[in-house]
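Notes for the one structure printed next.
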Amino acid sequence: MSDAVVTSAEPIEYDPAAMQERWLPVWDQLAPFRSGNPDDPRPPKYVLDMFPYPSGDLHMGHAEAYALGDVIARYWAQRGYNVMHPIGWDAFGLPAENAAIKRGEDPAVWTYENIATQKASMRRYACSFDWDRVLNTCDPEYYRWNQWIFLQMYERGLAYRKDSAVNWCPTDQTVLANEQVIGGRCERCDSIVTKKKLTQWYLRITDYAERLLDDMAQLQGKWPDKVLLMQQNWIGRSTGANVQFEITDHPQPVTVYTTRPDTLFGATFFVVAVDSELAAELASGGPAEDEFNEYLEQVKQSSDIDRMATDRPKTGVFLHRYAINPVNGEQLPVYASDYVLADYGTGAVMAVPAHDQRDLDFARAFDLPVRVVVAADSDPAVTGEATADDGVHVNSGPLDGLGKDEAISKIIELLAVDERGESAINYRLRDWLISRQRYWGTPIPIIHCPSCGEVPVPLDQLPVELPSAQGLDLQPKGSSPLGAAEDWVNVDCPRCGGAARRDTDTMDTFFDSSWYFLRFLDPHNSTEAFDPQQAQKWLPVDQYVGGVTHAILHLLYARFFTKVFFDMGLVSFEEPFERLLNQGMVQMDGSAMSKSRGNLVRLSDELVDHGVDAVRLTMVFAGPPEDDIDWADVSPAGAKKFLARAWRLAGDVTSPVGVDPTTGNEALRKVTHRMVSEAQQAVEAYRFNVAVAKTMELVNAVRKAIDSGCGGADPAVREATEAVAIMLSLVAPYTAEDMWSRLGHEPCVALAGWPKVDDALLVADSVTCVVQVAGKVRARLEVSPQIDEDELRELALAEPSVVTSLDGRGIRTVIVRAPKLVNIVPE
RNA sequence: GCGGGAGUGGCGGAAUUGGCAGACGCGCUGGAUUUAGGAUCCAGUGUCGAAAGACGUAGGGGUUCAAGUCCCCUCUCCCGCACCA
């Protein structure tokens, strides 16, 4: 044994794996992010990450999202807030069921295994979650309250069943909500969606269309504009008029909705949606009945994708009926066509080919007249281009000579006289179809009785638990697998006691996620969905973080539920999420990662290669959080190098804990306070990458101070290094904790408190003033920040380089912006 | 088609209210130290130019003492919606 140098027991090298081993158990014990103490004096703050679907282990996308959410949660904890940062699992859904079919096991087994895996990964990833609040939507203790909410809505007429042509995914063998059809394809499996006539449960979200639209004013500037705009377009409010048309040999008048009632005199035909009840009624018994039925069949066969090709030729069938134009008594031939949608407006339109492109296309295909009623430069009948702009009305009786807006007011006034029309508003938004013909979801708590009809399951019988998947054939076959669970399906009617059957459909999983942020308040509450007093304390969510993929679906539904709860008197706010941050996606070599593309980067590999902190830092430093990250463009190795460099500082601090920093080197102190202040502003403005850059600048400054400045014993070096540890604790918790310990502190650095910025140290001794001649920089002056304009002007004009570049020219004007800029404008 | 967003070095990206373009990092070049290094430290790095200097934020025009930033036109890319009357 050598009797040479005694080495320190501490590791000399930066070793992420060892730090992870060392600090995880310590944090488990200290649980610094528990938020449930009712006597906690800190003000509450609710930071929420969108909860994951347990599809396997965490991937790179999760790593980015949770790294960013953690910066926010950890920042507010450092600022002295009682931060509630919960996590749970959105655990119902098709992937579990499909995996179960493939492996021949219960979806619950697969789901809970994945949850355990993800939970372990999150712990290692050092997410600042409050582990006391975990929930899984597939637990009966959770979905019981889905059923309760559904029944509350049912009682209020917000949940109802109707028979209608619905979006059908032929692969998943289930219906889809409008919002789940993306470009005519199934959101999940990308199959082409078809239509199917089915009786299904809907939620009356359209009743809330106006509030969903208007309340977005509160979110302006707090949610990304893009998301607000997408929601606005999705709700799609339009204003116009309802106009009544008599139809020959038809008892009731038919109402049409139009945004251009001013063009009523230009109507030359009339179209009803081929798949509407009205069309069937008008065709029935008429000379075109067979032709109509044949056409209808043909349309039903076609998918949404086919229908979406806007340039395909117009088709239709003349029904041998006429609609009477209420303004001039003209007889307009009535057609059935698929270019009119059955579920928008009234499913019938007046066709004005001169001023609507679709009507014009149809008119040209069927050789129908085109009548111009708004003057324009070109003739639509000749050009094939409808003119939709404002203009002077012609051929329009009382509207002649008026512009669009006056004509609209005038015609509505005229129609109102004998109640043939009125102004009207329409929304693009449709009611939310929530029935699904699959097993792994919340059973709909309704019993169908042959004599009583729909009967809600009594509240004291909730939850209606899913029957075991054992023995059930989960293979998708167009109707719910629950129908085969005989013991479960057959029940006595709660009302008459007779034999009855349960509803066998399950709920869309978006129902589950529409209120989970409320359940986190009190995830094991067995007497109510959530405690309204807790809601009062914590909600609305201060900061929501998640992907933009949910810009419409989830966020719209959650807003809708919140408004329903408001109306029920359960909450006092109408918007659930105060602020929203949409993080970008992680890509590889320019495209989304996928196995089939062969560009999949495994998170677990990255964590082994670089350590948790380096991966988190890479995610945060890559760019603004909203932007996509291309993993090929960033450098986790560089991140690790920086962390090691920062970490080494802690070993070079030789002053004792608690030393008075005010006695330290002032230049370094100024850098420290400026960087802390700038990092703080950057975090609050979501510019986390800039906050990291400021931390790097501070590390560089400390390194320099130790090596070639005031030295490691100066109290300012300790102050700066402690600031580095705290700033790093938002992004690189292990490194920060290890630094904190090496600096002589007890854990946890996460709750050490954000460094207090001394404003006096933010004032610079001198500033560099730029002197320009004709906008070009000619000189720089070091001046006092308090210098006055006159003095600065004198100094600038006296600069030799200024005199040289003026070259004898006179001075027109001098712009002085003390203390930073002087611009001399020559003649 | 309609609506929205974005174009800054070799790369990722900085740049309150118009006020030094390129912070911070990656990469690269050179040096120091080292038996060695995918370690560490130092210096350099927009383009042209020996330098002075000139040019430079997709392209063109404009407003201004001053434009990456504001206005108009063009081009390119990305996203959302898509027969919504």
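Order of the sequence lines fixes the chain letters, A, B, ..., with proteins taken first and strands second; residue numbering starts at 1 for each chain.
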To the nearest Å, how far apart are A:Asp343 CG and B:C83 C1'?
13 Å

Taking 4.0 Å as the cut-off, does a side-chain nitrogen or oxygen of A:Arg687 come that near to OP1 or OP2 on B:A15?
yes

What distance separates A:Leu555 CG from A:Leu219 CG, expressed to the nearest 0.5 Å?
10.0 Å

If only side-chain N and O atoms of A:Tyr344 are considered, is one of them under 4.0 Å from the OP1 or OP2 phosphate oxygen of B:A85?
yes

Please determine whether a side-chain nitrogen of the Lys or Arg among A:Arg648 and A:Asp652 lies less than 4.0 Å from a carboxylate oxygen of the Asp or Glu.
no

Starting from P on B:C81, measure out to CZ on A:Arg428 and report it in whole angstrom.
8 Å

Between B:A21 and B:A66, how far is it from one C1' atom to the other, in whole Å?
14 Å

What is the distance, rounded to the nearest whole Å, between atom CD1 of A:Ile552 and atom P of B:G3?
17 Å

Run the salt bridge (charged side-chain N to carboxylate O under 4.0 Å, His left out) test against A:Arg420 and tell me which residues pass, sequence neighbours left out.
A:Asp418

Gap between atoms CD and C1', on A:Glu782 and B:C20 respectively (whole Å)
12 Å

Selected nucleotide, minimal atom distance to A:Thr768 side chain, candidates B:A14, B:C20, B:A23:
B:C20

C1' spacing across the pair B:A6 / B:U69, given as an integer number of angstrom:
14 Å

Roughly how far apart, to the nearest Å, are B:G22 and B:U76 at atom P?
32 Å

Letter per nucleotide, 5' to 3', of nucleotides 35-51 of chain B [B base touched, S only sugar-phosphate touched, - untouched; heavy atoms, 4.0 Å]
-----SS----------

Say you pick atom C1' in B:U35 and the same atom in B:G25; how far apart are they, in whole Å?
32 Å

Give me, pair by pair, the N or O atoms of the protein and of nucleotides 61-67 of chain B that are less than 3.5 Å apart, along with how far apart they are.
from  : atom 1 : to       : atom 2 : distance (Å)
B:C65 : O2'    : A:Asn823 : ND2    : 3.2
B:C65 : O2     : A:Asn823 : ND2    : 2.6

Ion pair check, A:Arg793 and A:Asp790, cut-off under 4.0 Å
yes

May I ask you to list the residues of residues 346-354 of chain A, by number, that have any heavy atom positioned under 4.0 Å from an atom of RNA chain B?
A:Val349

Whole angstrom value for the distance that separates P of B:U16 from CD of A:Glu684
17 Å

P-based separation of B:G37 from B:U29 [nearest Å]
15 Å

Does A:Ser238 place a side-chain N or O at less than 4.0 Å from the phosphate oxygens OP1/OP2 of B:A85?
yes

In whole angstrom, give me the gap between the C1' atoms of B:G7 and B:G31.
38 Å

How are the rings of A:Phe366 and A:Phe362 set relative to one another: parallel (under 30°), tilted (30 to 60°) or perpendicular (over 60°)?
parallel

Give the rounded distance in Å between these two atoms: CZ of A:Arg237 and P of B:A85.
13 Å

Rounded to whole angstrom, note down the C1' distance from B:G46 over to B:A14.
15 Å

Establish, yes or no, whether the cationic atom of A:Lys314 lies under 6.0 Å from the six-membered ring centre of A:Tyr339 and within 45° of the ring axis.
yes

Span that lies between the P atom of B:G13 and that of B:G60, in whole angstrom
25 Å

Taking donor-acceptor contacts at under 3.5 Å, does the side chain of A:Lys820 reach the base of B:C20?
no

Give each protein N/O atom lying under 3.5 Å from an N/O atom of nucleotides 53-57 of chain B, with the pair distance.
none

Relative to its sugar, using the 90° cut-off around 0, the base of B:G60 is anti

From CG of A:Leu228 across to C1' of B:G3 the rounded distance in Å is 15 Å

With a cut-off of less than 4.0 Å, is there a side-chain N or O of A:Asn689 near OP1 or OP2 of B:A14?
yes

Value in whole Å for how far the C1' atom of B:C77 lies from CG of A:Asp630:
16 Å

RNA chain B: stems of at least 3 consecutive Watson-Crick or G-U pairs whose donor-acceptor distances fall under 3.5 Å:
B:1-7 with B:75-81, B:10-12 with B:24-26, B:27-32 with B:40-45, B:46-48 with B:53-55, B:58-62 with B:70-74

